[in-house]
Amino acid sequence: MISFQDVSFRYGKEEVLKNLSFQIGEGEIVGIVGPDGAGKSTLLKLLVGLLKPKKGSIKYSESFSSGFVAEHFGLYEDMSIEENLLFYGRLYGLSREEATRRSKQLLKWTKLSPFKDRLAGNLSGGMKRKLAISAAFLHRPSCMILDEPTHGVDPVSRREIWKLIREVKAEGATVIVSTQYLDEVPHCDEVLLLYRGELMKKASPQALIAEFPYAVYRIPDLRHMSLRELQKLKNISHVADAFPRGVDWVFLVSQEEAVHALRDWIREKGLERELERIQPTFEDVFINWMRERGSQR
Ligand SMILES: Nc1ncnc2c1ncn2[C@@H]1O[C@H](COP(=O)(O)OP(=O)(O)OP(=O)(O)O)[C@@H](O)[C@H]1O
């Protein structure tokens with residue numbers, strides 16, 4: 001549906017996107033994931049045609065049409081939810097009946113129906129985002145492009161926004177969504193990890209986890225141990241990294257013998273703890289990628 005071929009972009013001298021090549025298929029939820037300043041917004045603006053590549057090309061299938069919700073999207077704050085939707089319906093050239101029917105459907109999905117007469121200016125951040133997504137999806141574009149739709153909204157609204165994104169996908173649309181929250185990766189079918197303008201990886205969340213090169217272990221609740229003692233665990237051979245997560249400590253292990261060494265340590269210290277094998281998180285995957293990239297330079 002969309003194909004990037006060796007695309008680069010710079011605002012001034014500094015290149016903010018570097019030689020990106022990838023393809024996005026139809027009907028997928030594609031996450032553009034990366035920290036602040038990685039180039040996510042710039043990539044999305046290129047996708048919708050608000051910016052033009054300085055180098056390379058972007059090709060679209062004939063059926064491509066887009067709905068875009070920018071990070072700082074615009075709603076008509078002195079109009080109600082319903083008036084906003086009907087207004088966008090007119091902008092997109094829908095008939096009044098079609099706009100009304102479609103608005104009703106979107107209000108139902110977003111659970112905004114009870115508030116349809118409330119002014120957009122008086123809505124919570126999460127409700128505003130849901131309204132902006134609904135407005136952009138009113139005319140059934142083949143591709144929805146959402147720039148950090150969950151940024152700064154509460155956890156309940158975050159869940160609702162992802163539910164709405166799944167509804168959009170269920171209607172057959174492709175959704176391209178940027179986020180800096182790594183815990184949102186499992187919502188996506190495919191993820192593009194972006195770091196300092198480079199595409200580090202494009203893969204499904206399952207593949208990212210499966211490719212992780214370490215076994216991950218945890219020792220629960222080591223609050224009573226001194227930090228200096230715990231830091232020593234990093235020196236065990238084949239422990240690639242050791243770090244706290246909440247009250248627990250987590251170990252990235254490259255060879256089985258490190259597991260024995262960690263069990264020996266637990267025994268030596270007389271701790272009543274088990275060494276538990278756990279799944280890597282997407283944060284583990286991402287940090288490891290950044291570390292590997294750093295060490296190649
Ligand atoms: N209009 C602009 N003029 C100059 N530089 C810009 C402009 N917009 C963005 N940049 C720079 O380009 C880089 C990428 O910015 P971009 O907004 O695409 O990143 P991002 O991943 O979306 O991050 P954020 O979540 O902070 O928006 C950053 O270094 C940013 O400062």
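Given the structure is predicted, the values throughout are model-derived calculations rather than measurements. When a ligand or atom number is given, it counts from 1 through the structure's own listing order.
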(message) As an exercise, identify every atom of ligand 1 less than 4.0 angstrom from a heavy atom of Thr42.
(response) 15 (O), 16 (P), 18 (O)
(message) Heavy atoms only: which of Gly37, Gly12, Gly197 lies closest to atom 24 (P) of ligand 1?
(response) Gly37
(message) Does the protein come close to atom 31 (O) of ligand 1 - that is, does one of its heavy atoms sit below 4.0 Å from that atom?
(response) no
(request) Classify the side-chain pair Ser80/Asp117 by whether it contains a donor and acceptor separated by less than 3.5 Å. (result) no
(request) Report yes or no: does Lys201 contribute a side-chain atom to a donor-acceptor pair with the main-chain N or O of Leu194 at less than 3.5 Å? (result) no
(request) Record the part of Val16 in heavy-atom contact with ligand 1 below 4.0 Å; permitted values are side chain, backbone, both and neither. (result) side chain
(request) Please confirm whether the backbone N or O of Ser142 pairs with a side-chain atom of Ser65, one donor and one acceptor, at under 3.5 Å? (result) yes
(request) Taking atom types as modelled, find out whether Glu184 and Thr150 have a side-chain donor-acceptor pair closer than 3.5 angstrom. (result) yes
(request) Could you list which atoms of ligand 1 come closer than 4.0 Å to a heavy atom of Ala38? (result) 19 (O), 20 (P), 21 (O)
(request) Decide whether the shortest distance between a heavy atom of Lys45 and an atom of ligand 1 is less than 4.0 Å. (result) no
(message) Keeping Ser204 on the side-chain end and Asp189 on the backbone end, is there a donor-acceptor pair under 3.5 Å?
(response) no
(request) Ignoring hydrogens, just give me the one of Tyr195, Tyr11, Phe9 whose non-hydrogen atom is nearest atom 1 (N) of ligand 1. (result) Tyr11
